[in-house]
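As the structure is a prediction and not an experimental result, all values here were calculated from the model. No hydrogens, no waters, no symmetry mates; every other heavy atom, side chains included, goes into these values. Numbers restart at 1 for each chain; the letters A, B, ... are given by sequence-line order, proteins then strands.
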There are 2 protein chains.
Amino acid sequence: MNLKEFSHRIGLSPTTVSRALNGYPEVSERTRRKVLESAERLGYTPNSRAARLATGRAMTIGHILPLSKEHEMVNPIFSDFIAGAGEQYSRSGYDLSLSVVRDEDEAEAYRDLATRGVVDGVVIHGPKVEDPRIRLLGDLGLPFVVHGRSSRVHGEYNWVDVNNRRAFSRATEFLLDLGHRRIGLINGLDGMDFATRRLNGYSDALEARGIARDPELVFSGEMTENYGFATTLQMLDSRNPPTAFLISSIIPAMGARRALHDRGIGLGDEVSVVIHDDDLSYFRNDGDVPIFTATRSSVREAGRLCADILLDSIRDAQGERRHVLLEADLTVGQSTGPAPAMRHLLGRDQADAPRGLAR
Amino acid sequence: MNLKEFSHRIGLSPTTVSRALNGYPEVSERTRRKVLESAERLGYTPNSRAARLATGRAMTIGHILPLSKEHEMVNPIFSDFIAGAGEQYSRSGYDLSLSVVRDEDEAEAYRDLATRGVVDGVVIHGPKVEDPRIRLLGDLGLPFVVHGRSSRVHGEYNWVDVNNRRAFSRATEFLLDLGHRRIGLINGLDGMDFATRRLNGYSDALEARGIARDPELVFSGEMTENYGFATTLQMLDSRNPPTAFLISSIIPAMGARRALHDRGIGLGDEVSVVIHDDDLSYFRNDGDVPIFTATRSSVREAGRLCADILLDSIRDAQGERRHVLLEADLTVGQSTGPAPAMRHLLGRDQADAPRGLAR
DNA sequence: GCAGAACTTGAAACCGCTTTGAACAATGAA
DNA sequence: TTCATTGTTCAAAGCGGTTTCAAGTTCTGC
């Protein structure tokens with residue numbers, strides 16, 4: 001049933017019905033009730049396609065999911081982010097449009113969304129250092145928010161980011177305080193802005209203690225389980241292995257744990273691990289004492305915040321650009337302990353403790 | 001720029017331009033080339049909102065992502081499935097609309113998508129036994145495809161499923177052949193159709209060998225790492241622990257591995273594990289010899305197939321309903337070996353082999 | 001009782017595209 | 001040359017809503 005028929009059936013004009021349904025003030029309460037009740041009873045719902053054309057608003061937010069050709073991998077934090085953002089969209093009557101594109105087509109995909117008029121705004125995922133998408137969207141005049149930030153990009157834009165630098169410098173300091181001097185960094189893909197900031201945090205902390213950064217202890221790559229496994233093994237098998245690892249996500253941390261296990265090295269006693277934990281719903285690092293010592297920041301919450309900011313920004317195009325910097329607090333879990341060389345000094349040598357029973 | 005202005009500028013009528021752009025045959029090649037070239041040059045792209053209203057097609061496929069209230073968890077296979085399906089949508093000029101809703105609102109969400117006319121078809125994820133959504137969508141007259149199947153639902157509908165029963169009976173047989181008699185099953189959530197079929201496959205295989213199924217060895221739950229950990233631990237610590245585990249996903253398998261490690265039990269020698277592997281992009285169980293012995297079936301590929309079937313079904317509403325049953329082949333990895341009691345019989349007792357170095 | 005303000009309601013234009021039906025031009029057959 | 005056919009193009013009528021502008025009603029205050 002369309003508006004014309006519905007309004008005719010209940011003896012009102014399309015104008016009045018439209019107003020009643022959209023909450024305009026110039027319709028009397030009595031009429032509005034009648035319209036709402038009749039719509040419910042007769043099962044009338046306005047056709048969104050028509051409303052979108054008439055209003056010029058798409059009532060839709062766009063997300064682009066680029067697939068890297070080599071790895072064909074989907075960012076594992078994507079679904080939790082979407083869950084957070086999607087909740088907010090629903091609440092505000094917005095739909096979410098997801099475009100899956102090969103990564104070399106990403107810029108074109110944004111252009112396309114803008115000119116076809118199918119979205120009112122977009123979210124930029126996984127910004128790189130000097131990310132060109134920010135400039136592009138500014139030029140297109142399409143409202144957007146970045147999940148993360150992009151170093152060396154001038155101009156204001158909406159973003160929600162974790163204080164990656166602080167998180168990683170704190171995590172590094174924590175390990176240094178435990179006596180670790182050789183700390184491996186298993187980081188995200190080179191060029192990703194968050195990875196750069198994490199590396200900086202790590203470097204800062206080392207430098208502050210006068211410790212030279214060993215390039216053989218720093219790795220970057222896509223954060224798979226296999227990547228965590230391979231890099232950990234490589235470092236463990238080197239002439240001068242680290243006594244601690246800093247890992248950018250819980251997924252490669254699974255691989256690191258496997259590598260330690262394969263080498264018969266105890267996690268939390270012989271070797272320490274600190275991870276950054278995005279609080280993925282299917283991979284919670286919680287419990288009384290979490291498995292991993294971690295800097296935690298919920299990516300789901302970041303999704304909610306991004307959505308809120310973007311929706312605001314669409315409603316009020318003149319408003320100021322907004323920024324949210326989330327602090328990731330360090331939670332001590334079972335995966336960290338004093339550096340081996342320090343342990344007898346502290347009277348807690350656990351070299352003979354059963355493997356696998358962390359601390 | 002809109003069609004009216006564009007067509008005026010190039011000295012043609014809107015009709016001809018529209019036809020040229022949409023590939024209709026009644027426009028001459030010369031004119032078509034001119035239109036396409038001018039559109040490129042002047043940067044004209046038709047407004048999709050208007051096209052959708054005019055054609056009555058939304059050119060969009062809907063996916064609903066329900067969030068369970070208790071767990072607030074997103075199915076970890078979701079993103080890979082979407083990646084596969086999304087690729088196909090893009091290829092065919094379709095958009096993907098994702099609705100995030102609380103699970104008790106799911107039925108309403110389908111109704112809403114249908115009446116608002118924002119999608120031409122939907123994909124049903126995670127069907128339960130006797131899933132009411134299938135009936136609902138039939139009634140709504142909205143084309144759909146199910147990723148999975150639903151037992152005890154009458155009538156024809158499109159589906160793409162893994163042969164879960166066969167996969168799990170084969171996996172069970174494989175373990176039985178290795179001499180295992182007590183096999184723990186760490187399954188998906190009760191009521192999920194796939195979980196039921198897997199349980200059946202497991203039961204069938206046991207029964208065929210005259211082995212009674214011990215209810216204390218069967219668990220069902222949401223497939224998180226913690227769930228795998230907790231259930232494995234519980235079984236290991238029971239009076240009569242299993243010597244092998246069958247696990248419904250690689251994620252709880254991570255938890256199982258952790259539990260085994262915590263108890264100092266060697267994976268692949270003292271205890272065997274077979275998993276079902278959805279071939280998640282960030283969690284590949286590959287390599288020369290995969291970590292886990294697994295029944296594998298790519299969920300990404302399932303996404304592609306679902307998309308293809310649904311798009312066909314939209315184009316040809318009269319066409320037959322289609323079914324695809326994917327066989328999951330069993331790949332032997334490092335996580336399985338003869339049952340402990342059998343090992344000396346086979347002259348391969350590895351009880352003293354270093355832990356963690358599976359076979 | 002009446003003018004003017006404050007409410008309500010409706011007719012019609014419009015959003016930007018697609019598509020029907022008609023017109024016109026070019027081609028071919030008779 | 002003429003008529004039928006085929007090929008091309010266009011004017012206008014949708015698609016199903018929203019919104020402007022005008023008109024009709026009901027209140028107020030005097």
Item to check | Nearest-Å distance for atom pair CD1/C1', residues B:Ile10 and D:dT9 | outcome: 13 Å
Next on the checklist: When you measure from the side-chain N and O atoms of A:Asn47 to the phosphate of D:dC15, is any distance below 4.0 Å, counting only OP1 and OP2?
Outcome noted: no
Next on the checklist: Whole angstroms only, please: what is the NZ-P distance between A:Lys34 and C:dT9?
Outcome noted: 9 Å
Checklist outcome for this item: Rounded to whole Å, CZ of A:Arg33 lies from P of C:dT8 at a distance of 12 Å
Checklist entry - Can you check the A:Met59 CE to D:dT18 C1' distance for me, whole Å? => result 14 Å
Next on the checklist: Does either side chain, that of A:Ser150 or that of A:Asp193, offer a donor lying less than 3.5 Å from an acceptor on the other one?
Outcome noted: no
Next on the checklist: The test is ring pair (Phe, Tyr, Trp, His ring centres under 6.0 Å); show your working for B:Tyr94 and B:Tyr89 and say whether it passes.
Outcome noted: CA-CA 5 Å; B:Tyr94 275 75; B:Tyr89 298 152; 7.2 Å; no
Checklist entry - To the nearest angstrom, how far is B:Leu53 atom CG from D:dG14 atom P? => result 14 Å
Checklist entry - Under 4.0 Å between a side-chain N/O of B:Thr31 and OP1 or OP2 of D:dT9, yes or no? => result yes
Checklist entry - Is there a side-chain polar atom (N or O) of A:Asn2 under 4.0 Å from OP1 or OP2 of D:dC15? => result no
Next on the checklist: Any side-chain N or O of A:Thr15 below 4.0 angstrom from OP1/OP2 of C:dG10?
Outcome noted: no
Checklist outcome for this item: Taking for A:Val17 and for B:Arg19 the nucleotide of DNA chain D with the nearest heavy atom, the one nearer the 5' end belongs to B:Arg19
Next on the checklist: Closest approach to the side chain of A:Ala51, judged atom by atom: which nucleotide of D:dT19, C:dT18, D:dG17 is it?
Outcome noted: D:dG17
Checklist entry - Out of D:dG17, D:dC10, C:dG10, which has the shortest distance to the side chain of B:Thr16? => result D:dC10
Checklist outcome for this item: Of B:Glu26 and B:Thr55, the one whose closest nucleotide on DNA chain D sits nearer the 5' end is B:Glu26
Checklist entry - Tell me: CZ of A:Phe6 to C1' of D:dC15, nearest whole Å? => result 20 Å
Next on the checklist: Taking only side-chain N and O atoms of A:Ser13, does any of them lie within less than 4.0 angstrom of OP1 or OP2 on C:dA11?
Outcome noted: no
Checklist entry - Under 4.0 Å between a side-chain N or O of B:Ser18 and OP1 or OP2 of C:dT19? => result no
Item to check | Phosphate-side-chain proximity, B:Tyr24 and D:dG7, N/O vs OP1/OP2 below 4.0 Å | outcome: no
Next on the checklist: Rounding to an integer number of Å, can you tell me how far B:Leu3 CG sits from C:dT19 C1'?
Outcome noted: 13 Å
Checklist outcome for this item: Here the gap from B:Thr60 atom OG1 to A:Arg49 atom CZ, rounded to the nearest 0.5 Å, amounts to 9.5 Å
Item to check | A:Glu320 CD: over 12 foreign heavy atoms closer than 6.0 Å | outcome: no
Checklist entry - Closest to the B:Ala50 side chain: D:dT9, C:dT9, C:dG16? => result C:dG16
Checklist entry - Whole Å only: how far is the CZ atom of B:Arg52 from the P atom of D:dG17? => result 17 Å
Checklist entry - Judged by modelled atom types alone, do B:Ser18 and B:Thr15 share a side-chain donor-acceptor pair under 3.5 Å? => result no
